[in-house]
Protein chains: 2
Amino acid sequence: MSDKTTRDHIVEAADQLFYQQGYEHTSFSHIAETVKISRGNFYHHFKTKDEILNAVIGVRLENTRRMLSQWENEEKTPVDRIRRFIHILITNRAKIKHYGCPVGTLCTELAKLNHPAQPEARRLFTLFRTWLSRQFEKIDHNADADELAMHILARSQGVATLASAFSDQKFIKQEVKLMDEWLNAYVKGKI
Amino acid sequence: MSDKTTRDHIVEAADQLFYQQGYEHTSFSHIAETVKISRGNFYHHFKTKDEILNAVIGVRLENTRRMLSQWENEEKTPVDRIRRFIHILITNRAKIKHYGCPVGTLCTELAKLNHPAQPEARRLFTLFRTWLSRQFEKIDHNADADELAMHILARSQGVATLASAFSDQKFIKQEVKLMDEWLNAYVKGKI
DNA sequence: GCCAAGTTAGGACAATCGTCCAAGTCACAA
DNA sequence: TTGTGACTTGGACGATTGTCCTAACTTGGC
């Protein structure tokens, strides 16, 4: 807990703030205030704001990888694993209602800013995409697993966007149920 | 064409720029540069930046209403009308690939800024939502039309988000095809 | 106890932000 | 012809932005 370096604290605070208020709208002063350090202290750890963004994307990538491999261990069948993915919408529904999906909203913002970190941010999506794709492949080797992965990914994104726009948690549960049914129907048709 | 007032030009330019680079990232200087007027001239037409945003949302609402009633006239069956909605993804695929959905990305940004115009922006979604809901009601009076409308809306949003994140137009066509099939299956089951 | 390296604080910096204002231009009514 | 009101200009304003710098502090090896 307390063996975290200042750098870690900065990245952690930036991670939260970028999610809750967006990258551009989060200023150095705001991060400094949260971490309770001087504004000038930043430039000993990071040269630019973009460098902080890269660090944030880095830890998000690592956390995502860890989460996916944990799901891989805890859920024994590919169908259960995909279901586990679908249900993060439920798990994170409170935050999603307020701030949307951390991955989707970041990619959307960086696209508008035409920011050089776009490819790095996209890797967060790619992580889920390839992981889901591998699960679908295990279900049916002849299926176009990547298309199915993108399909699930897109539906999750849409749910997060609308749940946030309408501040509606019930809608999340509604759509998760539909996605579960879709997955069951798919499995029944293929196995 | 040339009978547009300066105010109209400002709103028009702001509309495009808010879509392409986001609301916060678009500055007065940038709009002024585009319209080719002095920066100071703004405050004869608008008191604050938020007022411009409200005007932009206003014209978007009006344009959307006009578009929906046009679809209502051109397409004679509710199914054709819903299909028409689905296919704006194809029509606007080039811009969606770059900037995502104009409605979804605006609502997402305003949510992060905790901006007072959030309810106004949400009305853009509501317009589509109630229109789609009415179409579904015409297909089947016993259906939960609103759930179906939200479902289609969410899937469109997801497609736009991922198409932008991956700069992938082909994915749009792929998913539109799936949505068409979903609609056909639904109609076949209910009629 | 001392020095070097790593870390921090606080403020200076140029640029840009949204906002506002005084002066000027223009068209048209009296 | 003159006066009036709508419109436009260019710049000033205070605040805030990301960036950078210097001086002070802390720490560990000698």
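By convention in this document, chain letters (A, B, ...) are assigned in the order of the sequence lines, proteins followed by strands, and residues within each chain are numbered from 1.
Centroid-to-centroid, the aromatic rings of B/Tyr43 and B/Phe28 come within less than 6.0 Å.
Side-chain contact between A/Tyr186 and A/Asp140: present, with at least one pair of heavy atoms (C-beta onward) separated by less than 4.5 Å.
No donor-acceptor distance shorter than 3.5 angstrom exists from the side chain of B/Lys97 to the backbone of B/Ile172, with no hydrogens or angles considered. A donor-acceptor distance shorter than 3.5 angstrom exists from the side chain of B/Lys49 to the backbone of B/Thr26, with no hydrogens or angles considered. In this structure a side-chain-to-backbone donor-acceptor pair under 3.5 Å is present from A/Arg81 to A/Glu72. Distance alone, capped at 3.5 Å, is enough to place a donor-acceptor pair between the A/His9 side chain and the A/Thr5 backbone. Between the side chain of B/Lys76 and the backbone N or O of B/Asn73, at least one donor-acceptor pair lies under 3.5 Å. The backbone N or O of B/Asp15 sits less than 3.5 Å from a side-chain atom of B/Arg60, completing a donor-acceptor pair. With hydrogens and angles ignored, the 3.5 Å screen pairs no side-chain donor or acceptor of B/Lys173 with any backbone N or O of B/Ile90.
If A/Gly40 and B/Lys36 are placed on DNA chain D by their nearest nucleotide, the residue sitting closer to the 5' end is B/Lys36.
Rounded to a whole Å, the CZ atom of A/Phe46 is 12 Å from the P atom of C/dT7. Between the C1' atom of C/dA9 and the NE2 atom of A/His45 lies a distance of 12 Å, rounded to the nearest Å. Between the C1' atom of C/dT7 and the CZ atom of A/Arg39 lies a distance of 18 Å, rounded to the nearest Å. To the nearest angstrom, P of C/dT16 lies 17 Å from CZ of B/Phe42. Distance B/His44 NE2 to C/dT19 C1': 16 Å, rounded to the nearest Å. In this structure, B/Lys47 atom NZ and C/dC21 atom P are separated by 12 Å, rounded to whole Å.
To the nearest 0.5 Å, the span separating CH2 on B/Trp131 from CD1 on B/Ile82 amounts to 7.0 Å.
Checked against C/dA9, C/dG11, C/dC20, the side chain of B/Tyr43 finds its nearest nucleotide in C/dC20.
Listed by residue number, B/Thr26, B/Ser27, B/Phe28 are the residues of residues 21-28 of chain B with a heavy-atom contact under 4.0 Å to DNA chain C. Only at 4.0 angstrom or more do the heavy atoms of residues 48-60 of chain A sit from any atom of DNA chain C, so none qualifies.
Taking 4.0 angstrom as the limit, A/Asn41 places a side-chain polar atom (N or O) nearer than this to OP1 or OP2 of C/dA9.
Taking every nucleotide of DNA chain D with any atom under 4.0 Å from a non-hydrogen atom of chain A, the first and last of them, 5' to 3', are D/dT17 to D/dC21.
Under the 4.5 Å side-chain heavy-atom criterion for Ile, Leu, Val, Met, Phe, Trp and Tyr, B/Leu178 and B/Ile152 are members of distinct hydrophobic clusters.
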